[in-house]
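Have a look at the structure below before the remarks.
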Amino acid sequence: MQRMMMGQLAVLLLFTLQAITAGAVNNEVWQKLKALPGVTDVDTLSSTQYADKFVMYIDQLLDPKRPEAGYFKQRVIVAHAGYDRPTVLVTEGYDANYAVNPNYKEELSKLLDANLIFVEYRYFGKSMPEPCNWDYLTVVNSLADLHRVNTTFRRLYTGKWLATGISKGGQTTMFYRSYYPDDVDVSVPYVAPLNKALEDGRHEIFLRDKVGTAAGREKIKETQIAFLQRKQALLPMLESYCAEKGYTFRVPVADVFDYCVLEYSFAMWQWGTSLAGIPSADASDKEWFDYLMEVCEPNYFSQQTPYPSFNVQAAKELGYYGYDMEPFKELMSIKTCKDYLRRVMLPEELSALTFDDTLYRHTVDFLKKNDPKMIYIYGGDDPWSASGVTWLKGKKNIHVFVQPGGSHSTRIATFDDATQKEIKGLLHEWLGL
């Protein structure tokens with residue numbers, strides 16, 4: 001009994017010493033982060049994935065070319081691995097809410113035992129300027145934000161740097177490399193489209209003729225027709241559903257139903273949703289309605305959308321995808337889906353925004369004329385790959401990996417072992433690990 005108590009005491013003492021040591025490390029990093037210029041409100045975050053994780057804010061100019069426009073505070077999350085380790089800069093395209101979660105882990109930082117610096121995108125989450133002036137929401141301004149984060153945090157982390165992001169964040173990674181080519185050593189954009197217009201045009205062709213199998217494409221089209229054939233029964237359910245949720249729209253709910261049906265095919269392939277979940281022909285109207293809401297929740301089209309900032313950027317310079325309503329037009333209340341994002345998804349006061357393809361042309365030109373160390377990751381069945389840079393060939397340093405049958409959830413870890421080994425080998429070679 002005495003020996004057991006002594007053993008328990010030793011374990012308790014060990015845990016106490018570990019806690020004291022961890023607290024000292026936390027305090028040292030915390031103090032150094034606090035001392036960085038423009039950085040405020042540094043606080044610790046709990047994490048099951050990183051030993052030391054912090055959240056803070058950095059002062060950013062609304063318009064780097066016009067300092068008199070003022071500042072806003074941008075949220076940044078830092079996970080510390082070591083001052084001598086590589087640093088992964090996550091160029092998030094939306095808010096940082098999910099990264100605050102204690103269970104959040106980022107693939108490259110874990111793979112490389114690297115520091116993590118996660119930057120919330122301007123005009124999203126806690127990084128929304130007040131008052132909100134949409135004029136300052138530009139990609140070039142967002143890249144200036146990243147450049148300032150880079151130059152500021154390099155005071156602590158002087159080793160190799162990587163930039164990475166997923167989807168819109170992957171776009172940001174790509175744009176960042178094209179405007180600030182020397183800020184990072186390696187760029188890894190995941191599932192990043194490069195759209196050439198507000199309705200790019202390549203996605204509709206991809207969904208109609210190329211994605212998956214012919215049988216799978218036909219099954220999805222038949223499901224869309226079945227939704228529309230049941231519209232008389234399903235529309236009252238949608239009206240009640242939207243009223244209960246408090247959703248309002250710039251178009252009639254009958255039109256919203258049609259847009260949900262058009263969105264269905266994109267959503268199914270984007271996330272690799274199994275066709276086995278499609279209701280049977282003799283399933284109830286309620287089952288069909290619940291299934292539609294599961295795949296295409298209408299908040300996406302509502303005035304209560306959580307991402308109005310994305311819609312503004314898509315209309316201005318990021319571009320988006322269109323719909324092919326030709327197979328369904330006889331069953332729909334809408335007469336055209338052309339220009340739907342501007343008509344349906346933008347605040348009315350911004351519906352006159354026009355698309356500027358300068359960003360697209362700049363990035364294509366950069367990728368054609370340069371060969372930085374970049375690894376592109378795409379899913380073969382993800383509709384966004386239709387406007388990706390899978391056309392980029394013959395480069396020594398730019399590598400494009402497409403996972404057959406992969407979705408928007410494609411990551412390095414979802415590839416086969418041989419491809420994973422190749423990607424990891426490139427990263428280790430480039431980073432000198």
Side-chain angles (χ1 to χ4, degrees), residues 87-94 106-108 117-122 124 137-147 149-150 161-198 200 202-203 270 309-310 313-314 316-321 355-379 382-403 406 408-412 423 426-427 430:
T87 297
V88 174
L89 177 64
V90 175
T91 62
E92 174 59 37
Y94 297 92
E106 188 280 324
E107 186 172 53
L108 291 178
I117 299 178
F118 186 109
V119 184
E120 184 170 68
Y121 205 98
R122 61 165 54 205
F124 287 86
L137 178 56
T138 69
V139 168
V140 169
N141 284 350
S142 79
L143 304 181
D145 296 340
L146 294 172
H147 181 64
V149 168
N150 182 299
W161 277 56
L162 305 87
T164 190
I166 298 169
S167 192
K168 182 173 180 286
Q171 286 182 310
T172 308
T173 299
M174 173 169 48
F175 299 145
Y176 180 42
R177 194 61 184 267
S178 73
Y179 278 87
Y180 295 92
D182 300 322
D183 266 21
V184 298
D185 301 283
V186 179
S187 300
V188 185
Y190 290 84
V191 294
L194 180 57
N195 304 313
K196 60 185 177 182
L198 179 51
D200 183 282
R202 289 173 285 182
H203 309 94
Q270 178 178 2
S309 305
F310 169 77
Q313 286 196 283
K316 286 171 66 172
E317 53 185 343
L318 291 182
Y320 210 48
Y321 55 86
F355 182 79
D356 183 348
D357 69 351
T358 300
L359 181 67
Y360 169 79
R361 290 185 287 104
H362 166 88
T363 308
V364 168
D365 186 63
F366 174 82
L367 292 173
K368 285 181 176 179
K369 293 179 179 178
N370 298 277
D371 191 16
K373 294 179 174 67
M374 299 184 74
I375 295 173
Y376 282 91
I377 304 292
Y378 288 107
D382 179 9
W384 286 117
S385 67
S387 58
V389 300
T390 54
W391 48 265
L392 198 59
K393 310 289 184 184
K395 298 286 187 175
K396 177 184 176 182
N397 292 320
I398 301 179
H399 297 259
V400 180
F401 294 91
V402 181
Q403 182 183 344
H408 210 56
S409 300
T410 298
R411 304 292 182 265
I412 295 171
I423 295 171
L426 286 170
L427 291 170
W430 290 343

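Both backbone and side-chain heavy atoms feed into the values below; hydrogens, waters and symmetry mates do not.
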Going by the rule side chain to side chain contact (heavy atoms under 4.5 Å, CB included), which residues pair with Ser385 if we only count those two or more places apart in sequence or in a different chain?
Phe206, Tyr378

Could you pull out all residues at least two apart from Ser167 that satisfy side chain to side chain contact (heavy atoms under 4.5 Å, CB included)?
Val191, His408

Just to verify, what does Asn397 make a side chain to side chain donor-acceptor pair (under 3.5 Å) with, not counting sequence neighbours?
none

Taking only residues two or more places apart in sequence, or in another chain, which ones meet Thr138 in a side chain to side chain donor-acceptor pair (under 3.5 Å)?
Asn141

Residues two or more places apart in sequence or in another chain: which of them pass ring-ring contact (aromatic ring centres under 6.0 Å, His included) with Tyr360?
none

Under the side chain to side chain donor-acceptor pair (under 3.5 Å) test, residues paired with Tyr376 that sit two or more places apart:
none

Got a sec, which residues hit side chain to side chain contact (heavy atoms under 4.5 Å, CB included) with Tyr179, two or more places apart in sequence or on another chain?
Val140, Leu143, Leu359, His362

Summary of side-chain hydrogen bond (donor to acceptor under 3.5 Å, both in side chains) pairs that have at least one residue in residues 185-197, sequence neighbours excluded:
Glu107-Tyr190, Arg177-Ser187, Asn195-Ser387

Non-neighbouring partners of His147 that pass side chain to side chain donor-acceptor pair (under 3.5 Å), sequence neighbours left out
Asp183

Would you please name every residue forming a salt bridge (charged side-chain N to carboxylate O under 4.0 Å, His left out) with Glu120, sequence neighbours left out?
Arg75

Residue pairs passing the salt bridge (charged side-chain N to carboxylate O under 4.0 Å, His left out) test where at least one lies in residues 364-379, sequence neighbours excluded:
Asp365-Lys369

Run the salt bridge (charged side-chain N to carboxylate O under 4.0 Å, His left out) test against Arg361 and tell me which residues pass, sequence neighbours left out.
Asp357

